[in-house]
Structures are given as structure tokens and as C-alpha cells.
Peer 1: 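Quick one: the structure is below, and I'll ask about it shortly.
Note on naming: letters A, B, ... go to the chains in the order of the sequence lines (proteins, then strands), and numbering restarts at 1 for each one.
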Amino acid sequence: MSKLKQLASGWRGICLVAITYVYFLIFAQFAFLHRLATLGIADTHLKLVMASMAIGGILFSLIAARLQTATPPLSPSARLRAALILSAAAALLTLLPLNLFASLAVAFLIGTGLGLLTVTLVTHLPTWLGPTDPILQVGLGTGLGYFICNFPPIFAASPQTQSFIAATLCLLGLFAVGIARPMQPAAQPQPALPPPARTLSFPIVLACFTALVWLDSAAFFIIQSTPALKAGTWVGSAHLWLNGSLHLAAAIASALLLRRRGIGVVLSTAFLALAIACLLLLDPNRALLASLFYPVGVSLYSVALVAYPALLFGPATLSNRAHRAGWIYAIAGWIGSAMGIGMAQNLRHVPVAFVAIAGTVILGPQISHLTIRRSRELTAVAAILTLSLLVDLALRAHHTHTPPLSAIERGRRVYIAEGCINCHSQYIRPNSTDVLMWGPAQTIEELRQQHPPLIGNRRQGPDLSEVGGRRSPLWLRAHFYKPRQVSHASFMPSYKYLFQNSNRGNDLIAYLNSLKSPTYPQHIQAEQAWHPSAAAVASANPTTGAHLFANYCATCHQSNGLTRQTWHNDFKHLPPTLSTGSWSRLQPSDTPAQRQHILARIIKFGIPGTDMPGHEYLPDNDVADIALWLSQSIAQPHQSVTNHTTTGELQ
Amino acid sequence: MSLSLSSAAAIPSRTSAASQPQVAAASATPARTVMAETAWHSLLWLVVANAIGVLIAAMLLLPHINLFLNPWTYGRWMPAHINLQLYGWCSLPLVAFLFHVYGTDRSRFALWTRPALWIWSCALAIGAFSWLQGHSSGKLFLDWTGYPRVLFPLALLSIWALLTASFIDPSKLHPPATIASRIAKTLGLVCLFIVPFLIYIASSPAIYPPINPDTGGPTGASQLESTLVIIAILLLLPYGLARRKSPRSASLAVSWIIFAAESLLCLGLGRADVSHHRPTQWISLGSLLLWIPLIPLYYAAFDWHPNTRRWRIAFLSWWAVLVPTGWMLFLPGVLDHFKFTDGLVGHSLLAMAGFVSSLIIFVMVQLLGDDGWIFNGTWSFYVWQASVLVYVLIMFFAGWREGSNPAFSMIPGTLRNAIYTLRLLVGILMLVASLDWFIDAFTLLRELRPHSPSAPVTP
């Protein structure tokens with residue numbers, strides 16, 4: 001039998017796991033809450049309703065475990081059918097216009113159905129799973145459950161539609177249960193346990209699950225109730241597809257990990273992913289990144305939440321398995337979830353201390369296991385780390401009398417720390433085109449006075465050794481904030497964060513502004529002698545020039561230019577809107593050719609002493625195109641005539 | 001000093017070796033485990049460094065990625081990428097070589113190799129974290145500063161201590177070496193002892209190598225010097241890895257004589273700041289062209305494990321490309337055109353991913369012997385080699401365009417973006433190939449684990 005067929009043989013189990021997860025996630029956790037909101041149930045009433053659901057869940061998780069030994073005995077299929085019907089009924093009841101008391105009753109019913117459904121299903125799951133690779137089947141079921149919930153039409157549907165879908169799926173689940181031919185307990189497959197699973201006792205696993213559900217619920221609630229975070233995580237169908245895919249992939253990975261490495265590794269990995277997500281959520285700007293870790297962490301432990309009591313519990317009796325499943329869902333599932341939501345409601349974030357405590361609970365057993373198994377490695381590593389620390393401290397003790405650094409020196413350190421050297425050289429090659437573009441060359445002696453010289457070996461961007469002569473502090477600041485706003489198509493990252501709660505950005509600007517050699521004034525004379533090549537002037541195209549103007553100049557020289565608007569009050573002289581003048585650098589007596597040359601020089605090298613930057617790296621053709629368009633269209637010192645728009649259309 | 005070669009007929013396919021863990025585990029020896037563990041560590045860093053490489057290649061196309069990761073932006077990932085390649089992927093196979101040469105893998109100290117490797121990996125991890133946190137000396141490839149600047153040399157010293165202990169161990173069971181071999185190994189230990197201190201000192205911002213005043217890059221003499229170090233390693237490696245086919249070999253003698261002559265030439269050139277326009281510089285560097293035929297002849301004088309064949313061909317082929325292109329790129333006019341461009345990025349990749357990677361995999365396969373199947377997957381071999389070739393070609397093309405027009409890379413246009421997209425794709429392919437090797441190394445290690453090194457075993 002092929003691998004796929006073997007997997008498909010357990011379709012009933014896969015479907016039931018998926019249905020249970022969809023019911024819980026899209027209905028109990030999501031649609032029901034929205035439905036309550038539309039019914040006007042909020043604040044204390046909402047808490048009461050949720051408490052009612054939790055009480056139903058806890059009670060019937062524990063009762064479901066005892067039904068195992070009830071008289072007269074009820075078959076697992078009959079119990080599961082009853083649970084599915086109860087759950088479907090609860091979902092359909094939410095479609096009615098409920099008042100508070102009715103909501104309390106329905107919530108209790110939802111909890112009851114879920115308690116019965118989860119414990120019964122997990123206790124007898126091998127009955128509905130195929131004989132081969134049951135853990136992978138659980139992973140597939142869990143992953144599909146999450147994938148369906150993130151399916152955009154379902155995720156974005158109204159609460160009523162979501163409730164209806166959940167109820168329908170429960171009823172469809174009856175078919176999966178009904179056709180099954182339950183195996184005798186003795187004949188049920190007992191998959192081989194991965195060794196690490198045996199090292200974790202049940203109370204430890206229970207504590208780990210509780211901590212994970214706690215973290216998950218807190219993160220979920222925070223994202224749901226914070227618009228900025230929600231916008232960064234669960235908005236847009238592309239994001240939902242990504243979430244669904246991540247859930248599915250992580251669920252399958254979890255199953256493989258469970259099979260090979262055991263539950264300890266899976267729980268630890270899930271914790272790491274969730275902990276990273278929770279810590280990232282502390283900063284709304286990192287919500288998108290958090291949204292990648294969150295589904296991974298959730299799916300990793302969700303598979304274990306089913307597979308552990310159902311399959312990894314070793315040779316336990318059904319009663320024993322049912323009882324432990326009951327405790328897991330009652331304590332970890334319901335109480336852990338309630339605690340997480342409570343924490344999120346009160347604090348609006350997951351405290352770092354809590355993440356640390358959860359980490360101690362979950363990673364503790366793994367670390368202790370590792371410490372015993374790898375004592376030699378750990379001892380050696382710890383010894384060298386300690387020795388290094390002592391040597392480093394001793395070396396630092398010799399350098400205690402360092403004088404305070406100036407802003408320029410601090411800025412140089414920022415330059416090194418941010419790795420600017422990886423994109424920008426600080427070396428102008430003498431007797432090369434570098435000199436005209438970037439400024440006068442330094443001598444080797446001057447270079448060697450720097451510790452270390454920051455020559456670099458790759459220019460993704462311009463050379464910076466004379467940037468202080470070419471760019472004003474304002475331009476540098478604007479560029480650090482939003483590079484593309486002032487530098488067309490720039491792929492430099494934004495370094496706005498250097499200016500937030502720190503003076504590092506200002507120090508960096510002070511350093512860059514200091515990069516100007518004493519011979520720079522002579523270099524300006526060389527710039528003034530420059531003019532574009534005759535071929536470039538001859539082939540200049542004003543329409544191209546208009547497009548280039550829109551890309552390179554409009555940000556400052558149009559009234560709605562972004563840089564002009566953002567930094568309006570910071571300019572030494574507000575850049576003129578070129579469509580209306582004023583042209584202080586041009587004279588009415590200038591011939592068209594003179595005008596073109598003056599404009600070309602300004603475009604190429606900027607205006608020294610002002611905030612106007614040059615575009616030194618632009619080829620002559622581009623410079624000549626812009627200069628021609630400007631000189632023909634709007635740079636008329638004696639009149640203001642606009643023949644082209646800045647996007648190139650003729651007017 | 002030489003490795004006992006396995007039967008030429010015993011070349012297990014990847015599937016056969018992987019499907020017979022019991023057999024593999026049953027014949028596990030400490031030496032096999034030590035080599036497998038070293039391969040695992042070096043491949044771990046290859047995968048990590050390649051993954052970072054993919055990330056930074058993506059950042060050049062989609063700068064918004066930086067927003068989600070700041071302050072871990074492009075500039076901070078770069079040192080992590082290049083240093084992990086150098087100090088992780090490229091260096092650890094040489095550690096495996098040293099373990100073999102000094103008999104550590106066959107001595108009672110074999111069980112200390114794993115802690116030593118973990119110390120190395122921890123030092124790299126801490127170093128990478130410090131670079132991402134913005135701690136750097138500002139010197140490319142020598143970014144060590146602060147605590148990691150002490151830790152990494154100490155990690156090297158711990159390896160040195162292990163090698164020394166294995167070397168002087170009176171109870172070792174492997175056959176006594178000749179006097180010449182003992183002298184060579186003693187000299188080797190003296191040189192290795194200096195390395196950690198050199199790295200510490202060279203990481204100082206106050207020290208900077210000679211500068212070519214016309215480019216800001218290394219001088220011809222510096223390049224000759226560093227290439228001669230590579231050649232020295234190339235010449236020494238076979239003595240620790242394989243048996244000579246015959247006691248006397250003309251190619252060996254000629255190679256060592258030329259090496260001595262070039263070393264003298266290098267000494268004569270000195271360490272001044274000299275331009276590549278000086279004929280003495282580019283002519284001296286041109287003397288390296290002699291090594292294009294010499295190295296293949298030299299390696300042909302030794303018996304190699306059959307598993308090494310494709311990687312031996314690969315590294316010798318890349319060598320035949322690397323040396324002439326390296327020299328041509330130094331020539332007046334050519335270097336002036338390509339300096340600071342993607343052309344030199346392409347050449348660096350040719351050196352590291354093409355030549356060095358093929359060389360060290362060849363070394364690892366020779367050390368692993370029959371376990372060398374982990375590197376011999378056909379598709380991963382060809383995907384790696386083809387990706388390197390494509391990368392080098394497109395970067396040379398980009399560098400050529402950029403040399404004429406700096407705006408080509410500074411203002412991304414369609415062609416630049418297409419090239420960078422292609423580079424990203426081949427980067428992903430290289431990552432996938434390295435993952436394949438890593439997974440196979442992991443499988444091998446799991447097969448061998450029940451017999452982890454615990455007692456001395458006669459080789």
C-alpha cells in the first residue's frame with residue numbers, strides 16, 4: 001500500500017480531529033464571541049458567559065473520562081455521536097436572538113459538547129485512525145483544521161455563517177463516526193514511543209500544556225483586541241493563506257518531530273515559537289514577524305495536545321487514558337485558556353517574566369535531561385565561557401581610563417555597528433571617475449590615521465568618504481528616516497530607529513557630516529567646470545527628463561512633494577516649486593545652452609552650502625534629459641510657462 | 001600519518017547506507033564518529049550562513065524586510081554571513097583534518113572532540129549574536145570584538161590543547177610515527193599555537209594590512225602572500241590524508257621548490273602600500289599561474305578514496321578557473337573597472353563556494369571514507385556546482401555593467417533586479433543542497449551515536 005493510501009486509511013480520524021479543531025477555533029473561540037457582541041453582551045456579562053462555557057468544559061471533560069466505566073456501558077461511537085450532536089445543536093442555537101440567561105445556557109452547552117467531544121475522541125482515537133503512522137494522521141487532521149479556519153471565505157464570514165459551518169461539520173462528523181468498526185481494546189495499535197516521551201512524567205506534560213495554552217490564549221486575545229496588531233497579523237487574504245499554510249506545515253512537522261524526537265522536543269519548540277511571538281507583540285511594529293511565529297507555535301503544540309493522550313501514552317488502559325485526557329483538557333485547555341485571556345485582559349501584554357517562568361516549566365525538563373546526558377560538553381563549554389569572561393574583564397580593567405567620546409567618534413562607532421561598510425566604501429580612487437563623483441581622494445597617510453580605515457570592498461551605494469561635502473545634515477536625516485523619499489528607488493533600509501529613544505542617529509549624522517577634506521572647496525571648482533558630454537546633450541529627451549524629474553526632484557520641488565512636506569520647517573531655504581520659479585541661479589540673459597549647462601551642474605552636484613543634493617551617480621544622459629526638460633519647460637527666469645506635467649504628459 | 005584506505009569496491013550508495021543503520025552502527029568506531037560530528041558542525045554553519053545569505057539577497061530586492069527585522073538590518077547580517085562561512089563551514093573541516101593527523105580521533109581523547117566542537121560552535125553562535133547586536137571591529141572577516149574576541153581564540157586554544165594532548169599521549173595505541181613526521185607535527189603545533197593570538201591581534205582596529213593606493217584594496221604582494229598560504233595548505237593536506245602512489249615523485253619535488261621560490265619572491269616584495277599598476281606587483285602575482293597545472297599533478301601523486309572523485313575534479317576545476325581569473329582581475333585597467341562592483345563579489349563566491357567548498361568537502365569525504373556518501377548525492381552536487389557557476393557568471397556581468405555605470409546597482413532597474421532575483425534563486429538552491437548534506441550528516445550521526453567515542457580503539 002502506498003504511503004498516501006496508508007494515510008488515507010485513517011480518514012475518519014483525520015476528519016474528526018479536523019472537525020473538532022474547526023468547531024473549537026472558528027466557532028467557540030471566534031464566531032460565538034462575535035455573536036455575543038452583536039447581541040450586546042459585553043464586559044461583566046461576557047465574562048459570565050465565558051465562565052459558563054469554561055465550567056461546562058471542565059465538568060464534562062472530567063465526566064467524559066468517567067463515562068468510560070459507566071453502567072450500562074455506552075459505546076465510544078455512541079458517545080462521540082452524542083457529543084457531536086450536542087455541539088452542533090449548541091452552534092445552531094447561537095443563531096437565535098439570545099438574552100443573557102439563554103447565552104449562559106448555550107455557552108454551558110458549548111462547553112459541555114466540547115468537553116465530551118474532545119475527551120471521547122482522544123481516548124478512542126486509534127479506533128478511527130489507520131494502522132500506519134497514526135501520529136502523522138493526527139498532524140494532518142490538526143493542520144487541516146487550522147487551514148480550514150484560515151480559509152479566507154470562512155475566516156471572513158459572518159458569525160452566523162461560521163456557526164452554521166461548525167454545526168454542519170459536526171453533523172458530517174457523524175458519518176465518519178458511524179461507519180467505523182471499533183476495534184477491540186486489545187487489538188488497538190500501540191505505536192512505539194520515542195524515547196524522550198518516557199522521560200516526561202504526566203504532571204510535567206500537564207504543566208507544559210497549561211503554560212503553552214496560557215501563552216497562546218493571551219497572544220490570541222491581545223492580537224484580537226488590538227487593532228494595530230490585528231491589522232498586522234490577520235488582515236488580508238494573502239496573510240490568511242500564509243497563516244493557514246504555516247499551520248498546516250507546522251502541524252505536519254510537529255507530527256514528524258513527535259515521532260522522531262518525542263514530546264519534550266515538540267513542546268520546547270512550540271514554546272520557543274510562541275515565546276518569540278509574545279515578545280515580538282510587545283512592539284506593534286513587529287506584529288507581522290510575530291504572525292509568522294504564532295501559528296507555528298500553536299500548531300506544534302496542538303498536534304501534541306491530541307497525539308499525547310491518544311497515542312503517546314504508552315500501554316495504558318482506556319480508563320487511564322480517558323482520565324488523563326480529561327485532566328489535560330480541563331486544566332490545560334480550559335483553565336490555561338481562561339488564565340491566558342484574563343492576563344491579556346488585565347495587562348494587555350504578555351509580561352517577559354511570565355514568558356521566562358513558562359520557559360522554565362517547559363524547557364526545564366529538557367535542559368535537565370541534556371545536562372545529565374551531555375555533562376562533559378556542558379562543563380567544557382561553561383568552563384571556556386567563564387574563562388573568556390574573566391580574561392575579557394581583565395583586559396577591560398586595563399582600559400578604564402578612556403576619555404569620553406565626541407559625537408563624531410560615537411557616530412563612527414554607529415557606522416561600524418550598523419555595518420555601513422558592507423554597502424558603502426570610504427575610498428576615492430585617485431585619477432579615476434570616483435574623484436568627480438564623490439570628491440577629492442585621501443592620502444594613504446590620512447587613511448592610516450583612522451582605526452580602522454573603513455575602506456570597504458563593495459559599493460551598493462555611494463562612496464561616503466566626502467559625504468559631508470556633498471550632503472547636508474537635513475538630507476542625511478531625511479534619508480535615514482525614509483531613504484526612498486529622497487533617493488529614488490533606494491534599497492537602503494530605514495534607520496529611523498536610530499533616532500528613537502537614542503542619540504545614535506544624531507551621532508551618525510555628526511560623523512558623516514565630518515567626512516569632508518580641507519581640499520573640498522577646490523573640488524567644488526572642478527565640479528563647476530563640469531558639463532555633460534556633447535553626445536548626451538545632443539540626444540537629450542525632454543519627455544524622459546520629465547519622468548526623471550518626477551522620480552528624483554519632485555519630492556522637494558513640487559508643492560506636494562513628500563520630502564518638502566515632511567521636513568518643511570527644517571530646510572535652510574525651502575526648495576522652490578520649480579513650476580512657478582524662483583530661479584536664483586539663472587539669469588534672464590542666459591542663453592538656452594547656458595541655462596541647460598547650469599541646470600545640469602546643479603542636478604549633478606547640487607548647490608553647495610544648501611540642502612540641495614547632487615545626483616552624482618546619474619549618467620550624463622539622464623542629467624541632460626532633466627536639464628533639457630527643465631530649461632525648455634519651466635526654467636524660464638522671465639516667465640512661468642508649463643508645457644509638460646512632471647509625469648511627462650504634454651499640456 | 002596516512003589513512004588506511006577502505007576497499008575501493010565498498011562505495012555505499014546513499015540509500016544503502018541510510019537504510020542499514022544497524023550495520024553502520026555495528027561498525028561504528030570513535031574515529032568515524034568524530035569525523036561525522038565534525039562534518040555535522042561544519043554543515044550546520046554552512047546551512048545557517050547560507051540561510052543568512054538568502055536573507056540578505058532578498059533584502060537587496062525587498063528592502064522592506066529590514067523594517068521587520070530592525071535593528072538587525074542588512075549591514076548587521078553581512079558579517080554574520082561571511083564570518084560563519086569562514087570560521088564555521090570552511091574552518092571546521094580543517095579541524096577534522098587536524099584531529100586525524102594528530103590521532104585525536106583514534107586516541108583516548110576522542111571523547112573530548114565533541115566538547116571541543118561545541119565550544120567552537122558556541123563561540124561562533126555568540127560571535128554571530130554580537131555582530132547582529134552591532135558589535136564589530138569594523139574589519140571585514142575580522143569583526144571579532146569585546147567578549148567574542150577573547151572567546152573565539154580560546155576556542156581555538158582548546159582545540160590546540162586537545163591536539164597537543166593527543167600528540168604527546170604516552171598511552172596512545174596507534175603506530176609510532178617517523179622522526180620526520182614527529183618534527184613536522186611539532187612544528188605544526190607551534191604554528192597552530194600562534195593562530196589564536198594572531199586572530200586576536202589582527203582583529204585590533206589599530207592594525208591594517210598594506211593598501212593598494214589606486215584601489216584601496218590589497219596589494220599584489222598581499223594577494224600573493226594569502227594565496228601562498230592557501231597553496232601551503234593544499235600542499236600539506238595530502239600528507240595527512242592519503243598515501244603517496246610512489247616514494248619519489250617529480251611533481252611533488254617541483255611543487256615544493258616553486259613554493260619555496262615564490263615565498264622568497266613574496267618576502268622580497270615586502271609589505272608596502274604599492275599600486276597594482278606597478279609591473280612588479282602584477283607580474284609577481286602572475287607567478288601563481290604556474291599552480292594551475294601543478295596542483296592537479298601534485299594531487300595525482302596520491303591515492304584517494306574513490307568517494308572523493310567528483311569533489312576532487314570539482315575543486316581542481318574551480319582552481320583552474322580561480323587562479324587565472326584572480327590574476328586577470330588584478331591587472332591594471334581590469335581591476336580599475338571591477339573594483340567595488342558585483343564582479344568581485346562573484347569572484348569571492350567563485351573562491352569560497354566554488355573552490356574552497358569543493359576542496360573542504362573533498363577533504364571531509366576523504367576523512368569520512370565510506371561515510372562520505374553524505375556528500376555524494378548526485379543532484380545536490382550538480383545543483384551546488386551549477387548554482388555557483390550561474391552566480392559567478394551573472395555577478396561578473398553585473399560587475400561589468402556597474403563598472404561602466406555606477407547607477408546600475410545603486411538605482412535598481414529591471415535588469416539589475418532580474419540579476420538579483422536570479423542570484424536569490426541560485427542562493428536558495430545552494431541552501432537546499434547544503435540542507436541535503438546536513439540532513440544526511442544528521443542521519444549518519446544518528447546511525448553512529450550508540451557507539452559514541454568512549455574508549456581508545458586501534459585504527
Peer 1: Assign the ring pair B:F338 / B:F396 to parallel, tilted or perpendicular, where the plane angle (0 to 90°) is split at 30° and 60°.
Peer 2: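 Perpendicular.
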
Peer 1: Side chain, backbone, both or neither: which part of A:L393 has a non-hydrogen atom closer than 4.5 Å to chain B?
Peer 2: neither

Peer 1: Considering only heavy atoms and a distance below 4.5 Å, find which of A:L385, A:T433, A:V391, A:L387 pairs most often with chain B.
Peer 2: A:L385

Peer 1: Between B:T145, B:I126, B:L157, B:L140, which has the largest tally of heavy atom pairs under 4.5 Å with chain A?
Peer 2: B:L140

Peer 1: Classify the ring geometry of B:W118 against B:W40: parallel below 30°, tilted from 30° to 60°, perpendicular beyond 60°.
Peer 2: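 Taking B:W40 first and then B:W118, their aromatic rings sit tilted (interplane angle of 30° to 60°).
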
Peer 1: What part of B:P209 gets closer than 4.5 Å to chain A, counting heavy atoms only: side chain, backbone, both or neither?
Peer 2: backbone

Peer 1: Less than 4.5 Å to any heavy atom of chain A: does that hold for the side chain of B:N70, its backbone, both, or neither?
Peer 2: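 Both backbone and side chain.
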
Peer 1: Can you name the residues of residues 454-461 of chain A that have some heavy atom under 4.5 Å away from a heavy atom in chain B?
Peer 2: A:L454, A:I455, A:G456, A:N457, A:R458, A:R459, A:Q460, A:G461

Peer 1: Please state whether the side chain, the backbone, both or neither of A:Y495 comes within less than 4.5 Å of a heavy atom of chain B.
Peer 2: side chain

Peer 1: Name the region of A:L280, side chain, backbone, both or neither, that has any atom closer than 4.5 Å to a heavy atom of chain B.
Peer 2: neither

Peer 1: For A:R448, is it the side chain, the backbone, both, or neither that has a heavy atom closer than 4.5 Å to a heavy atom of chain B?
Peer 2: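 Just the side chain, heavy atoms under 4.5 Å.
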
Peer 1: Side chain of B:H276, backbone of B:N212: donor and acceptor closer than 3.5 Å?
Peer 2: no

Peer 1: Of the listed residues (B:A123, B:P79, B:A155, B:G146), which shares the most heavy-atom pairs with chain A below a 4.5 Å separation?
Peer 2: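 Top option by heavy-atom pairs under 4.5 Å: B:G146.
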
Peer 1: Look at the side chain of A:R429 and the backbone N and O of B:D214, then say whether any donor-acceptor pair between them is shorter than 3.5 Å.
Peer 2: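 No.
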
Peer 1: Using a 4.5 angstrom heavy-atom cutoff, name the option from A:P493, A:S490, A:C423, A:A441 with the most pairs to chain B.
Peer 2: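 The option with the most such pairs is A:P493.
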
Peer 1: Do you know which of B:P71, B:P406, B:S158, B:A206 has the most heavy-atom pairs with chain A at a distance under 4.5 angstrom?
Peer 2: B:P71

Peer 1: Would you give the length of the straight line joining atom NE2 of A:H479 to atom OG of A:S494, rounded to the nearest 0.5 angstrom?
Peer 2: 10.0 Å

Peer 1: Hey, are A:E418 and A:R504 close enough for a salt bridge, meaning a charged N less than 4.0 Å from a carboxylate O?
Peer 2: yes

Peer 1: Can you tell which of A:P453, A:A489, A:P483, A:A382 has the highest number of heavy-atom pairs within less than 4.5 Å of chain B?
Peer 2: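 If we count pairs closer than 4.5 Å to chain B, A:P453 comes out on top.
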
Peer 1: The criterion is side-chain hydrogen bond (donor to acceptor under 3.5 Å, both in side chains); which residues satisfy it with B:H41, sequence neighbours excluded?
Peer 2: B:S121

Peer 1: With a 4.5 angstrom heavy-atom cut-off, which part of B:Y420 approaches chain A: side chain, backbone, both or neither?
Peer 2: side chain

Peer 1: Could you measure the distance from the CD1 atom of B:I211 to the CD1 atom of A:I444? Nearest 0.5 Å is fine.
Peer 2: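 The CD1 atom of B:I211 sits 4.5 Å away from the CD1 atom of A:I444.
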
Peer 1: Looking at A:K604 and A:E616, would you say the former's side chain and the latter's main chain have a donor-acceptor pair under 3.5 Å?
Peer 2: yes

Peer 1: Nearest 0.5 Å, what's the CD1-CG distance between B:I411 and B:N405?
Peer 2: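 Interatomic distance, B:I411 CD1 to B:N405 CG, rounded to 0.5 Å: 8.0 Å.
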
Peer 1: Can you tell me which of B:L67, B:L69, B:I207, B:L117 forms the most heavy-atom pairs within a distance under 4.5 Å of chain A?
Peer 2: B:L69

Peer 1: Top residue by heavy-atom pair count (under 4.5 Å) with chain B, among A:R413, A:R374, A:H488?
Peer 2: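 Of the options given, most contacts go to A:R374.
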
Peer 1: Which bit of A:I421 is near chain B, if near means a heavy-atom gap under 4.5 Å: side chain, backbone, both or neither?
Peer 2: side chain

Peer 1: Using distance alone, with no hydrogens and no angle criterion, decide if B:D143 and B:S136 have a side-chain donor and acceptor under 3.5 Å apart.
Peer 2: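 B:S136 and B:D143 do have a side-chain donor-acceptor pair below 3.5 Å.
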
Peer 1: I'd like to know which of B:C122, B:S348, B:G134, B:A407 tops the heavy-atom pair count under 4.5 Å against chain A.
Peer 2: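 Winner by heavy-atom pair count: B:G134.
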
Peer 1: Could you note down all residue pairs passing side chain to side chain donor-acceptor pair (under 3.5 Å) where residues 123-135 of chain B supplies at least one of them, sequence neighbours left out?
Peer 2: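 Residue pairs with at least one partner in residues 123-135 of chain B: B:W72-B:Q133.
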
Peer 1: Who passes side-chain hydrogen bond (donor to acceptor under 3.5 Å, both in side chains) against A:R410, sequence neighbours left out?
Peer 2: A:D507

Peer 1: What part of A:F491 is in contact with chain B, defined as an atom under 4.5 angstrom from a non-hydrogen atom: side chain, backbone, both or neither?
Peer 2: both

Peer 1: Between A:P462 and chain B, which part of the residue has a heavy atom less than 4.5 Å away: side chain, backbone, both or neither?
Peer 2: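 Both backbone and side chain.
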
Peer 1: Quick check for you: to the nearest 0.5 Å, what is the distance between B:L124 atom CG and B:I119 atom CD1?
Peer 2: 12.5 Å

Peer 1: Calculate, to the nearest 0.5 Å, the distance between atoms CD1 and OG1 belonging to B:I65 and B:T73 respectively.
Peer 2: 12.5 Å

Peer 1: Indicate yes or no: does A:R471 engage A:E466 in a salt bridge with an N to O separation below 4.0 Å.
Peer 2: no

Peer 1: Has the side chain of B:H337 got a donor or acceptor atom that lies under 3.5 Å from a matching backbone atom of B:W400?
Peer 2: yes

Peer 1: By a 4.5 Å heavy-atom criterion (distance strictly below it), what part of A:I428 contacts chain B: side chain, backbone, both, or neither?
Peer 2: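 No part of it gets close to chain B.
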
Peer 1: Between B:H64, B:R76, B:M78, which shows the greatest number of heavy-atom pairs under 4.5 Å with chain A?
Peer 2: B:R76

Peer 1: Between A:R484 and chain B, with a heavy-atom cut-off of 4.5 Å, which part of the residue counts as in contact: side chain, backbone, both or neither?
Peer 2: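 The side chain, not the backbone.
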
